[in-house]
Amino acid sequence: MRPGRIVMLILGTLSALFGLGLLAVAGVAGWANYQQRDNRYFTSPSERYSSDSYALTSPRLSIMTQGGLSDSAPIDVAGSVMLRGSADAGKDIFIGIAPRNDVAAYLAQVKHSEIAEVRFSPFRVLYRDVPGPRTPARPADQSFWTASATGPGVQQLEWDIRSGSWAVVIMNADASAPVAVDMQAGARSDLLWPVFIGLLIGGIIFLLIGVPLIVAGAVGLGRGKGGPPSAGPRLPAHASGAQEPAAQVYSGMPPAGQPYAGQPYAAGMPPGGGAVVYPARLSGYLDRDLSRWLWLVKWFLAIPHFIVLFFLWFAVAVVTIVAWFAILFTGRYPRSLFNFTVGVLRWSWRVAFYAYGVLGTDRYPPFTLERTDYPADFDVDYPERLSRGLVLVKSWLLAIPHLLIIGVLTGTARTWVGREGDVVQQSVGISLLGLLVFIAGVILLFKGEYWRGLFELVMGLNRWIYRVITYVFLLRDEYPPFHLDMGPRDPGDAPALPHGWPPPGPAHAVPPGDWPSAGGPPNGLPVGGPPAGAPGGSGRGAHAGTEAGFYGVGGPSVRPEGNAPTGAPNGTFEPGSPGATGGPDAPHGTGASGPTPDNTAGPAARPRA
């Protein structure tokens, strides 16, 4: 990847994030300014305050409004506060604001209660009692009050805030004890409007700087990044650390040096199969020698990827908005932006396959948007034209059925619980997909195996999710199928076959009696009977038959009997031999189906004449 473009992308993301943060704060300030129009106040609920002392005091003006201004802040023009309250029947109330030092002198040696903390959800007051033997004088007779209100019934005090240290005093007008009042506090600020304007302008400026940087970086990173990888898949090492010879390891994966065999999109099902081909192709092939315990810390090892993906996904959000307008006016998704978005999805899929979405490989994901020889891959066919009208509704309206399904697969259950008097919503448990992956990890930890059926199901769920993401992100107009295509290989990556013939591979070998009349297996299909562990097959070796439903860690790979390479015993597998196939799709053991014609070595062996 180009370092200059990466720097542009990072700087643009930071600038845009800062701009969005300023705009969010500006929105809050604008809403608050609108709410306090016509000289209205932001008020707290009316609550009961009581004490068996002579007075209630608040050392800060903000104590009853759950926030406010610092004593040292220049608040001469900040606005005003409002205090409204009433005493019990038959009592007059006194509410006063005065300098803190004068209040301290007035209540010296007088038993009173300081309001130390007030919480409103639920309402709770923390008092700090100050003892004293003296009885205070009537508060209304004092001359140091900056603002005060006294009398029967509901009394309201409004005061324009000034700099200084102030205190609030609430008493019975006759200075008697105890004190019990219903109080409500409020505040308004004249600074909200200029704050709103400043934040709005600043947010727009930072967005105008950040968005072009993001788009320019994405264009540079996505230019010329489509197409197949430069090399075929690399073999994983055995548990001993030795690198395996160059051969086809993963069933269905192309040999080394050959690109992934993605087919042009053709709607519907491929010939002779139940899978559905979609122009977004996701594949993932299980490692032979998965570590039993490494999956416990993969989330930690993947933290560098998560940091990078944070910036990339923010850039994808911006790029998708730009692409939305491009499609609306031109009917085309800019190719470089398309490649960038697909590259980020590919990167995300590799990290998910490694760390949390499948746990299918111990090979660390590469830091690149391009296609590589990594055992997990994702690609989308570029559309030459996209519908201008469909772009208006497909991401949010037409995708709702799929989004609901994905919510079930990836979302967690939610419940409502009471917390401190409030009813709040919280998540419980884990998602269905997360639970399946966790079960697979536990099986791997204790048995050293990845259950084959579980792996194929997890792959099918991820394939469904990424197809929907492709549609929602405007990459294709074709509606995602409601179809669970399980297994490591995407239907779009499968080679084209004549109708009625099973796909190639040792698990689907064609008996000689079923060859076409022209002689020889069709399209180079391997020869033999059912594989080990399959109906009609017989297994050899330690794992034969007993664990056919598992992808064993470190287990032997298999060829159909009669298809062994030259120099190897019939029905056995030599790693690195020509035409060897294996990996997770091949069951343990060897297959035998009776006499078969003699074969030569190679992946497309034919019987001798």
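Note: hydrogens, waters and symmetry copies are ignored here, and every other heavy atom, side chains too, is used.
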Treating [X] as the side-chain partner and [Y] as the backbone partner, does any N or O pair qualify as donor plus acceptor under 3.5 Å?
X    : Y    : value
W166 : R162 : yes
Q155 : A149 : no
T150 : I93  : yes
S15  : L11  : no

>> To the closest 0.5 Å, what do you measure between CG (L22) and CD1 (I205)?
In response: 10.0 Å
>> Please confirm whether the ring centroid of W145 lies under 6.0 Å from the ring centroid of F94.
In response: yes
Modelled atom types, side-chain donor and acceptor of [X] and [Y], under 3.5 Å:
X    : Y    : value
K91  : S176 : yes
T410 : S431 : no
S80  : Y41  : yes
W313 : S348 : yes
W464 : H483 : no
R134 : Q109 : no

>> As a quick check of understanding, evaluate side-chain contact (heavy atoms from CB on, under 4.5 Å) for L369 and L312, giving each step before the final call.
In response: CA-CA 10 Å; L369 300 174; L312 292 178; 4.3 Å; yes
> Among all residues two or more places apart in sequence or in another chain, which pass the side-chain contact (heavy atoms from CB on, under 4.5 Å) test with P334?
Replying inline: A326, L337
> Which class fits the ring pair Y479 and H402: parallel under 30°, tilted 30 to 60°, perpendicular over 60°?
Replying inline: tilted
> Taking the inter-plane angle between the rings of Y49 and F123 on a 0 to 90° scale, is it parallel (under 30°), tilted (30 to 60°) or perpendicular (over 60°)?
Replying inline: perpendicular
Can you tell whether the side chains of [X] and [Y] come within less than 4.0 Å, N to carboxylate O?
X    : Y    : answer
D377 : R350 : no
R84  : D182 : no
R371 : D379 : yes
R124 : E117 : no

Quick one, [X] and [Y] - any side-chain contact, counting heavy atoms below 4.5 Å?
X    : Y    : result
P383 : E478 : no
V358 : V437 : no
Q36  : L192 : yes
N462 : L433 : yes
I95  : V169 : no
L9   : F340 : yes
T146 : P99  : yes
F120 : E47  : yes

> Would the number of heavy atoms belonging to other residues, nucleotides or ligands and lying under 6.0 Å from CZ of F325 be above 12?
Replying inline: no
Heavy-atom pair with the smallest gap, counting every atom of [X] and [Y]:
X    : Y    : answer
V319 : A218 : CG2-CB, 3.7 Å
G434 : I430 : C-CD1, 3.8 Å
P365 : H305 : O-NE2, 3.0 Å
L207 : P212 : O-CD, 4.0 Å
Y278 : P480 : CE1-CA, 3.7 Å
R467 : P481 : NH1-CG, 3.4 Å

> So R281 and D381, salt bridge (charged side-chain N to carboxylate O under 4.0 Å, His left out) or not? Walk me through it.
Replying inline: CA-CA 9 Å; R281 300 184 300 277; D381 296 330; 2.7 Å; yes
> So L386 and R332, side-chain contact (heavy atoms from CB on, under 4.5 Å) or not? Walk me through it.
Replying inline: CA-CA 6 Å; L386 291 170; R332 294 176 62 88; over 6 Å; no
> Does K298 make a cation-pi contact with Y356, if we ask for NZ or CZ under 6.0 Å from the ring centre and within 45° of the axis?
Replying inline: no
> Any cation-pi pair here, R188 with F42, using under 6.0 Å and within 45°?
Replying inline: no
> Checking ring pair (Phe, Tyr, Trp, His ring centres under 6.0 Å) for the pair F438/W299: CA distance, chi angles, key distance, verdict?
Replying inline: CA-CA 13 Å; F438 177 75; W299 63 269; over 10 Å; no
> Where do W324 and F329 land on the ring pair (Phe, Tyr, Trp, His ring centres under 6.0 Å) test, with the steps shown first?
Replying inline: CA-CA 9 Å; W324 187 90; F329 291 105; 8.1 Å; no
> When you look at W31 and Y34, which way does the ring pair (Phe, Tyr, Trp, His ring centres under 6.0 Å) test go after all the steps?
Replying inline: CA-CA 5 Å; W31 175 84; Y34 176 79; 8.7 Å; no
> Knowing that exactly one of F378, F473, Y471 qualifies, which makes a ring pair (Phe, Tyr, Trp, His ring centres under 6.0 Å) with Y466?
Replying inline: F378
>> If the test is side chain to side chain contact (heavy atoms under 4.5 Å, CB included), which one of I469, I465, V472 qualifies with I406?
In response: I465
>> Applying salt bridge (Lys or Arg N to Asp or Glu O under 4.0 Å), can you list everything that pairs with R128, at least two apart in sequence or on another chain?
In response: E114
